There are 2 protein chains.
Amino acid sequence: MRDVSKLAGVSTMTVSRVLADPSIVAPDTRERVMRAVDQLGYVPDLVAGSLSSRRTNFVGLILPTLTNSNFADTAQGLAEALGQSYQLLIGYTLYRAGEEERLVRSLLARRPQGIVVAGTLHTASTRRMLLAAGIPVVEIWDAPGAPLDRAVGFSNFEAGRAAARHLLSLGHRRIVAIGSEADGDRRDARGEARLQGFAAVLREEGVETGLILRHGPAPVSYAHGAAAMKLLLRDMPDVEGVFAVSDGSAFGALMECRRQGIDVPGRISLMGFGDFEVGRECEPAISTIRVDAKGIGMKTGQLLRDLIDGRDAGAPQSIDLGIEVVPRGTTALPCRASVSNQAMQGSEP
Amino acid sequence: MRDVSKLAGVSTMTVSRVLADPSIVAPDTRERVMRAVDQLGYVPDLVAGSLSSRRTNFVGLILPTLTNSNFADTAQGLAEALGQSYQLLIGYTLYRAGEEERLVRSLLARRPQGIVVAGTLHTASTRRMLLAAGIPVVEIWDAPGAPLDRAVGFSNFEAGRAAARHLLSLGHRRIVAIGSEADGDRRDARGEARLQGFAAVLREEGVETGLILRHGPAPVSYAHGAAAMKLLLRDMPDVEGVFAVSDGSAFGALMECRRQGIDVPGRISLMGFGDFEVGRECEPAISTIRVDAKGIGMKTGQLLRDLIDGRDAGAPQSIDLGIEVVPRGTTALPCRASVSNQAMQGSEP
DNA sequence: CTGAAAGCGCTTACAG
DNA sequence: CTGAAAGCGCTTACAG
């Protein structure tokens with residue numbers, strides 16, 4: 001900057017002004033400065049700028065993993081909504097609360113102007129740091145009653161309930177939900193909430209043939225679904241309906257059925273969660289529960305911009321973007337031989 | 001920090017030392033400082049630290065998109081190899097060279113200590129900025145003869161050649177490669193290189209029934225493969241072998257075949273590229289060309305650490321991690337009715 | 001083992 | 001419209 005100011009024959013203050021807001025500098029001065037900037041290939045040092053202005057233009061984002069199309073979509077949505085004004089600092093926890101704490105600490109050291117964190121399950125330390133940071137905090141992918149600060153998401157518990165109800169409405173009774181199991185401090189709290197919602201409906205409806213199957217650690221994906229389905233088919237061959245806590249897992253389960261020659265949805269109805277591209281494009285397309293992953297990112301981005309600029313305008317603490325059951329090709333009314341036979345007999349004169 | 005030093009009754013310099021390297025401070029002084037840090041919940045300001053020490057501990061990463069499991073794996077591998085020493089600054093170009101230039105400029109303003117960029121196709125400005133930055137630059141996902149600085153990847157051209165050779169070795173002659181088409185400054189140069197490699201083999205072998213199909217803009221994914229396959233089946237119903245430039249696209253093509261009741265690999269051999277999880281877990285599993293996406297990230301991370309620490313030790317300019325053809329369930333020798341008939345007739349006495 | 005001084009490269013807040 | 005001074009919160013480089 002010093003070099004630029006010398007070359008342009010102005011003070012560094014003027015260079016700074018040209019870069020920040022050209023309109024407040026006289027046209028010919030501005031011209032000289034811009035030519036000098038070009039000539040020297042000068043790129044301003046935002047580290048120094050941030051320290052001086054107390055604005056880093058960073059936003060921190062903490063996700064369990066990016067190897068999940070839902071979270072990648074959320075990240076992309078957030079990046080788009082923040083645009084060029086803010087740079088995203090992304091960290092992965094791999095579903096570990098301890099890792100989250102470490103990440104929060106190291107992100108906070110970069111003095112972000114806002115921080116976005118997946119879920120509402122934090123260590124006490126994490127919670128304290130987040131609150132003490134004095135910046136907007138947005139918890140996403142859940143809809144807590146009392147967020148730390150703000151939240152953008154939906155109810156995972158309700159998603160699990162909706163899945164169970166959909167399968168029951170089809171007439172299935174031997175229905176199973178498959179998810180992951182906690183492993184030390186590694187746990188998918190949101191997937192677990194979906195399992196809980198599913199279990200709640202089983203209890204409410206008095207369905208005793210239902211089952212919750214927790215298999216392997218998070219994150220679940222294709223291979224998880226395949227393995228869980230294999231176990232399930234071995235132990236409960238007459239299963240009628242399956243809900244996987246993620247479309248990735250549902251896809252794996254569908255492929256396992258195909259390998260075993262089991263007709264979906266003819267013999268088993270299968271549904272997933274998340275509306276992943278793989279479920280949409282798959283044949284048959286996977287019935288699912290849609291959540292607006294990219295929308296969560298975009299909404300969070302807008303909210304953050306408003307909060308940072310003090311344009312809060314009484315935004316609600318917790319924004320629930322809702323869920324939507326999307327029946328597709330993998331769920332259907334059961335068409336059992338016995339039922340058909342009875343119907344045929346009944347129609348005989 | 002001033003608060004901590006007052007509370008501990010030492011100078012800020014001593015606090016700084018305790019945080020940077022506790023062993024060089026007297027045990028009881030250290031104790032007092034650490035207690036003060038805990039009590040105040042002090043998190044050091046890395047922005048100020050970076051400016052002062054001229055070390056930001058940032059590494060920039062520029063990828064076309066994160067909504068592609070290969071790139072997400074590379075990002076995760078890089079993050080793992082860099083560990084807690086460096087924070088990743090990630091940007092997406094969506095395959096636009098102009099966007100890349102903007103991103104490079106804005107990342108460089110954060111003064112990263114190294115920068116990783118996918119591919120070798122840059123605008124002149126981008127090239128100049130990268131070179132002038134005075135930091136290690138690693139181009140990934142390609143193996144250029146003359147990298148800007150360093151490169152970690154493989155030859156996309158050879159990958160295309162390998163695909164064509166594999167399909168030809170199976171006895172197919174009507175073979176097609178499907179990829180994306182350039183759209184303004186939006187282009188997948190690496191996918192295009194794979195198409196070129198494929199085309200080169202067709203020429204070398206004098207196969208005139210082959211075809212290169214460019215459909216839609218990058219990034220290609222499931223829907224792209226389905227749409228391209230649909231067009232292909234309409235215009236060239238007797239196609240025997242298909243190579244999609246990405247496993248995502250190959251999966252979409254496979255699903256389209258299933259919708260149309262076309263047997264893969266019975267009637268058409270299909271192969272992809274990238275060894276995506278979806279191709280591994282799919283039934284039938286998709287034949288592919290494996291590249292070590294996570295390995296590219298990890299190797300790049302190690303290289304960067306060495307370069308930043310001056311432990312260069314004569315590392316080569318360009319590291320080629322190679323490719324590997326992985327035949328799986330979607331490619332097979334053709335088994336045509338006419339061939340079988342002749343064989344049967346031949347065996348008659 | 002500890003501290004006082006200087007400075008990293010900008011922006012803020014003031015003056016002219 | 002432009003500039004000189006002060007300072008952001010640390011670390012470097014020196015001194016003791």
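Since the structure is predicted, the reported quantities are computational estimates derived from the model, not experimental observations. The figures that follow rest on heavy atoms only: side chains count, while hydrogens, waters and symmetry mates do not. Quick note on labels: first sequence line is chain A, next is B, and so on, each numbered from 1.
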Exercise for the section: Check whether any side-chain heavy atom of A:Thr120 lies under 4.5 Å from a side-chain heavy atom of A:Pro147, and answer yes or no. Expected result: no
Problem - Nucleotide nearest A:Arg111 (side chain, heavy atoms from C-beta), chosen from D:dC10, C:dC10, C:dT12 - result: D:dC10
Fill in the blank from the handout: Closest to the side chain of B:Ser52, out of C:dC8, C:dA13, D:dT2, is C:dC8
Problem - Runs of at least three Watson-Crick or G-U pairs with DNA chain C, cut-off 3.5 Å - result: C:1-3 with D:14-16, C:5-12 with D:5-12, C:14-16 with D:1-3
Completion exercise
Closest non-hydrogen contact found for A:Leu130 with A:Val117 is CD2-CG1, 4.5 Å
Exercise for the section: Determine, step by step, whether B:Leu303 and B:Arg150 satisfy the side-chain contact (heavy atoms from CB on, under 4.5 Å) criterion, reporting the C-alpha distance in whole Å, the side-chain angles of both residues, the deciding distance to 0.1 Å, and the verdict. Expected result: CA-CA 9 Å; B:Leu303 180 61; B:Arg150 306 301 171 112; 4.0 Å; yes
Handout entry: Distance test, side-chain N/O of A:Arg55 to OP1/OP2 of C:dT12, below 4.0 Å
Key = yes
Problem - Nearest listed nucleotide, side chain of A:Met1, among D:dA4, D:dC10, C:dT11 - result: C:dT11
Practice task
Take the protein atom CG of B:Asp3 and the nucleotide atom P of D:dC10, then report the distance between them rounded to whole Å.
Solution key: 10 Å
Exercise for the section: Report yes if the side chains of A:Val33 and A:Tyr42 come closer than 4.5 Å at any heavy-atom pair, otherwise no. Expected result: no
Exercise for the section: Give, ordered by number, those residues of residues 23-50 of chain A having at least one heavy-atom distance below 4.0 Å to an atom of DNA chain D; if nothing qualifies, reply none. Expected result: A:Val25, A:Ala26, A:Thr29
Handout entry: Side-chain donor/acceptor of A:Asn68 to backbone N/O of A:Asn70, under 3.5 Å
Key = yes
Exercise for the section: Establish whether the base of D:dG3 is bridged to the side chain of A:Arg17 by a donor-acceptor pair shorter than 3.5 Å. Expected result: yes
Completion exercise
Whole-Å distance, B:Leu19 CG to D:dG9 P, equals 16 Å
Practice task
Using distance alone, with no hydrogens and no angle criterion, decide if B:Gln84 and A:Ser106 have a side-chain donor and acceptor under 3.5 Å apart.
Solution key: no
Completion exercise
Rounded to whole Å, CG of B:Asp21 lies from P of D:dT11 at a distance of 12 Å
Problem - Other residues, nucleotides, ligands: >12 heavy atoms within 6.0 Å of A:Arg305 CZ - result: yes
Handout entry: Among C:dT12, D:dT12, D:dG3, the nucleotide that comes nearest once only the side chain of B:Ser53 is considered
Key = D:dT12
Problem - Between D:dC8 (P) and A:Arg54 (CZ): distance, integer Å - result: 9 Å
Practice task
I would like to know whether A:His122 and A:Leu148 meet side-chain contact (heavy atoms from CB on, under 4.5 Å); could you show each step before the answer?
Solution key: CA-CA 10 Å; A:His122 317 294; A:Leu148 272 178; 3.9 Å; yes
Handout entry: Flag if over 12 foreign heavy atoms under 6.0 Å of CZ, A:Arg111
Key = yes
Handout entry: Minimum-distance nucleotide to B:Met13 side chain [options: C:dT12, D:dG3, D:dA13]
Key = D:dA13
